[in-house]
Structures are given as C-alpha cells and as structure tokens.
S.K.: 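Structure in structure tokens, see below.
Just so we're on the same page: letters track the sequence lines, and every chain starts at 1.
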Protein chains: 2
Amino acid sequence: MSLLQLSESTEMYLKAMVELGLSNVVSIGRLAERLNVTPVSANEMVRRLGDQGLLTHTPYKGVSLTDKGREAACDVVRRQRLWEVFLYEHLHIEWAKLYELACSLEHATAPEVTEALAAFLDDPKFCPRGNPIPAADGTFQPLDGHPLSTASVGETMEVLAINATTTDVLKYLQERGILPGQTIRVLEAAPLQGPLTLKVGEKEVALGLSLAEFVIVKTE
Amino acid sequence: MSLLQLSESTEMYLKAMVELGLSNVVSIGRLAERLNVTPVSANEMVRRLGDQGLLTHTPYKGVSLTDKGREAACDVVRRQRLWEVFLYEHLHIEWAKLYELACSLEHATAPEVTEALAAFLDDPKFCPRGNPIPAADGTFQPLDGHPLSTASVGETMEVLAINATTTDVLKYLQERGILPGQTIRVLEAAPLQGPLTLKVGEKEVALGLSLAEFVIVKTE
DNA sequence: TGGAATAATAAGGTCAGCCATAACATTTTG
DNA sequence: CAAAATGTTATGGCTGACCTTATTATTCCA
C-alpha cells in the first residue's frame, strides 16, 4: 500500500498520466495541455516527480509512470471514480459536473474513507463516465477500446467511456447523446483533420476530432 | 448566499472562530493555539481576514466575526458537520476520527454538493459530536450549554457536545465514556487549575481542566 | 537537408501561508 | 505598582507550484 503524502498537484499529474493511457509514453506538451499549465511548468514538475521516483522522463521522448507511480496513480483514480459514483448515484449530481466535483473530493480523501466508500457503494467497477475503477489492491483493467478519433468511416461502435474531464466538454457530448452505452456510426470523416459526422441514435452529429479523442469506443 | 472563494486556511480560521464561540471575542493566542500556528502567524492571518471583511480585530482585545464572516463561517461549519454525519452514519468511520476526516472533505465541497448531501442525509440537525449543524439559510442555533470546566462541585449535567477536534483528544474522551448524551457529575475540583473528578456512568474519571473545556454540558 | 515544431534549460518573478527572531506595547496579576 | 504574560510589529526566510522571457537542443517532416 502506498504511504506517500502526495500533493494535490502531484495527484493531478498522476491522474493525467492514467487518463492519457496508463502505459503510454506521454509528451510533456500533452501533459501540459491536459493540466492547463505551460510546458515549462510541466517540465519542472515532471523533474520533481521524477526525483520522487513516480515517473521517468526521457528527454525529447516523453514521460511514463514507474511502478511506484502507477500504484499511486491507480489509488488516486480509484478515489476520483468512487466519488463520481457516489455523487451520481446518491446525490444525483449532474452528470457533466461529476468529474470536477469528484476531483476536489478525491484530493481530500484518506485511505480508510476510500475503502469505506467503496464498501458503501458495493464495490462498483465503473464510474458514470464508463471508466473502470482500479481495485483496492491496485489491479486495473483498462478498457478494451480505442478513441473515436481513430475510427474509420462506416464503422458501427458502442461508446464505452468518455475520457473528458471538463464540465463544458462533458456537457457538450451529453447534449449530443454521446454517452456510455450509446451506439454510434461514423458516416463521414472530413479531410484535413476535419470533423466526423456521426449517427447517434436517430440524429446526425458533427464532432471535431479533438473531441472525438475523448470518446472511447469499441467496434461491434 | 456566499460567493467568495475562501482558501483552506481561511476556512480553518473561520471554523475555529465558530468553535471557540460564535459570538465571542477570541484572543489571538487562543486562535493560534487551536490552529497550531504561532501567534505571530495568527496575527498576520487575522490582518488578512480583516482586510477581507471577515472579522474585526481590536488590538490587545481580540477578534470577532463580522456578519459576512459569520455567514461564511456557518457555511464552512455546515459542510464540516454534514460530512461528519455521512462518515459516521453511512461509512461507519470511527467516532474519534470524524472531525479530521470530515475537515479535509469540507474544504473540497462545492455548494451544490453540500445541499445534495444535506438532502441525502435528511437534513440532520446535529453532528455525531453533538454540535448543531447550521441551516442552509445561515441560521444557526448555538447550544444552550456551557463548558464542563466552568461547572461546580456537586452539579449533575448532561453532555451536550464535544467541541474537540483532534483525534487523540476525542479518543481520550471517548475512552472515558465522555460522549454526548451521557450524564456526569462533578465529584471534586482540585485547586490551582487542577483536574476535575467526575462520575461518568459507574466510573470515576479524572479530567484536566483544559480537556474539560471541550465538553459542553447542560445542568439538569 | 533545412526549417518548423517541439522540448529543455536558465534566470528571475509572484503568491499564500507559514516560520524565526527581536524589539516594543499593553494588559493582567500578585 | 512592578513584573509577568500577552499581544503587536518589523524584518527576513522558506516552500511549492506556478508564471514569463529567452536561449538552445532535438526531432520530425516535406
């Protein structure tokens, strides 16, 4: 079990690493973008986290989690997603706000509260955005899916999860019916990184590629 | 409704002001002691909070909340105590740890979560330590009681609330059966600020005066 | 292969909320 | 009423996590 005292900022970096792909090498730029800091700041912070043994940074290549970092990160993500479940299922908080509200709570949650919460919620396996919840022992089964942005025209898919975090993006997707469980089909992909045209339920929806990255789908 | 963004530290100062007596003039020293900072730091911070219009400081006399400060403080205390109820009633967290664990959560709680939580808990009026929970509209009915430290020999009283916050103090009192609802009698008060000897249930308990300050009682 | 994009590094700045030390003011108390 | 306790103010310092600006290094791609 992890015994480290992670700062709030550290937790955000770790969480971002998981959200950008648990085992991926992530560029400083992408990390900075996700965390809304400048690349220079991300670089500094990555050095600090490297010093703490949480991740490794290969200059000009990118960043990846160490085993220690992965463990800590899973713990953080577990807390985050458990709170999402609680806020949604029991407090009936608006779907699009779950991430942001759960995020603040996550940073403030002691291990015993995490586990008591998990028990209270009956050990849920997925958060309301469709993402898997790491287990108490640190095991974590990433989704068997891929971003909608990599889908090809004609494909019919099921939305597994929404990987976005900001309320506005979540609201945007929700308003268009792009939610976990939904079936969608790619009707058209505009050239030059243009938007996708999707069939979502009965409706046709245009979706920019960068938004499509947040939508994790599984081809049926 | 309060619209200010209060820092965590600010919230702790406001909370301490309520806990030391909503309408009392509190000395910098007492505040510093409760918050575990040096008097110099408390002084600085009090100046900052004064600048924000949350409290007034009369040099050499003490500090008291302004109306604005009282409103903000009640809000903070409401969140704190609602979380205590949740942690106790639903997550079955150890009584003595409630304050500390709820404290972290409190700082991370958005207004909509507070109100959804209150509804979920069915608008409780008291926290597990016996303290009243301020209402959503800011009204707050302090307890009609006084600290055990001011009781006189022979008095029989009911414990209304425990005003302590640290886990060790709460645990100490719990171990001696000094809990809300309990009836106690002062058998003896040692001179020179010495300890009280109490009858708690069947047992005799010695309790230092400074601990007795945390025990709010009502003479029967 | 050379220019664009991306990344790294350096230097210096900000801000909140603490700390210590020290000098000085006021209040309480014995 | 004097000494002790308490409170105030000033100065300077620290830390974490950001920021900007500027220079330099590397990688990617056309």
S.K.: Ignoring backbone atoms, establish whether B:His57 has a side-chain N or O less than 4.0 Å from OP1 or OP2 of D:dT8.
M.R.: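 Yes, because at least one side-chain N or O of B:His57 sits under 4.0 Å from OP1 or OP2 of D:dT8.
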S.K.: With a 4.0 Å heavy-atom cut-off, tell me which residues in residues 37-47 of chain A come close to DNA chain C, sorted by residue number.
M.R.: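 Residues of residues 37-47 of chain A that come under 4.0 Å of DNA chain C are, in numerical order, A:Val40, A:Asn43.
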S.K.: Give a yes or no on whether a salt bridge exists between B:Asp51 and B:Arg48, defined as a side-chain N under 4.0 angstrom from a carboxylate O.
M.R.: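 Looking at B:Asp51 and B:Arg48, the cut-off is not met.
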S.K.: List the atom pairs, donor and acceptor, that lie under 3.5 Å between side-chain atoms in residues 7-15 of chain A and the rest of the protein, sequence neighbours left out.
M.R.:
from	atom 1	to	atom 2	distance (Å)
A:Ser7	OG	A:Ser9	N	3.4
A:Ser7	OG	A:Thr10	N	3.0
A:Ser7	OG	A:Thr10	OG1	2.9
A:Glu11	OE1	A:His107	ND1	2.5
A:Glu11	OE2	A:Arg79	NH2	2.7
A:Lys15	NZ	A:Gln80	OE1	2.6
A:Lys15	NZ	A:Glu106	OE1	3.0

S.K.: If we count only N and O atoms by modelled type, under 3.5 Å, do the side chains of B:Glu44 and B:Ser41 hold a donor and an acceptor together?
M.R.: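 Not at all, the side chains of B:Glu44 and B:Ser41 share no donor-acceptor pair under 3.5 Å.
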S.K.: Going through the checks in order, is the side-chain hydrogen bond (donor to acceptor under 3.5 Å, both in side chains) test met by A:Glu213 and A:Ser149?
M.R.: CA-CA 5 Å; A:Glu213 272 188 48; A:Ser149 51; 4.9 Å; no
S.K.: Encode nucleotides 24-30 of chain D as B, S and - characters from 5' to 3', where the letter depends on protein heavy atoms closer than 4.0 Å: B to the base, S only to sugar-phosphate, - to neither.
M.R.: -BSS---
S.K.: How many Å lie between CG on B:Leu6 and P on C:dA16, as a whole number?
M.R.: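 Roughly 14 Å, once rounded to whole Å.
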S.K.: Relative to the 5' end of DNA chain D, which residue comes earlier, B:Thr58 or A:Asn36, by the nucleotide with the nearest heavy atom?
M.R.: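 Mapping each residue to its closest nucleotide by heavy atoms, the 5'-most match is B:Thr58.
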S.K.: Are the side chains of A:Leu105 and A:Leu87 in contact, using a 4.5 Å heavy-atom criterion?
M.R.: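 With C-beta onward as the side chain, the pair touches.
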S.K.: Taking the basic N atoms (NZ, or NE/NH1/NH2) and the acidic carboxylate oxygens, is any pair closer than 4.0 Å for B:Arg129 and B:Glu84?
M.R.: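 A salt bridge links B:Arg129 with B:Glu84.
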S.K.: Check this for me: does any side-chain nitrogen of one of B:Lys171 and B:Asp168 sit under 4.0 Å from a carboxylate oxygen of the other?
M.R.: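 Here B:Lys171 does not pair with B:Asp168 in a salt bridge, since their nearest N and O are not under 4.0 Å apart.
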S.K.: Using ring pair (Phe, Tyr, Trp, His ring centres under 6.0 Å) as the criterion, list what pairs up with A:Phe86, not counting sequence neighbours.
M.R.: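 Here the qualifying residues are A:Trp83, A:His90, B:Phe86, B:Phe120.
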S.K.: Please state how far atom CG in B:Leu35 lies from atom P in C:dA16, giving the value in whole angstrom units.
M.R.: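 Going from B:Leu35 (CG) to C:dA16 (P), I get 19 Å.
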S.K.: Salt-bridge test for B:Lys97 and B:Glu94: reply yes if a basic N is under 4.0 Å from a carboxylate O, no otherwise.
M.R.: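 A salt bridge links B:Lys97 with B:Glu94.
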S.K.: Please state how far atom NE2 in A:His107 lies from atom P in D:dG16, giving the value in whole angstrom units.
M.R.: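 Atom NE2 in A:His107 sits about 18 Å away from atom P in D:dG16.
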S.K.: Partners of B:Lys218 by side chain to side chain contact (heavy atoms under 4.5 Å, CB included), sequence neighbours excluded?
M.R.: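 For B:Lys218 the side chain to side chain contact (heavy atoms under 4.5 Å, CB included) partners, ignoring immediate neighbours, are B:Asp144, B:Leu160.
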S.K.: With heavy-atom distances below 4.5 Å as the criterion, would you say the side chains of A:Asn131 and A:Leu143 are in contact?
M.R.: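 A side-chain contact exists here, since the closest heavy-atom pair is under 4.5 Å.
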S.K.: Expressed as a whole number of angstroms, how long is the span from A:Leu49:CG to D:dC18:C1'?
M.R.: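 Distance check: A:Leu49 CG to D:dC18 C1' gives 14 Å.
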S.K.: Got a sec? Which of residues 11-31 of chain A come in under 4.0 Å of DNA chain D, heavy atoms?
M.R.: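 Only A:Tyr13 qualify.
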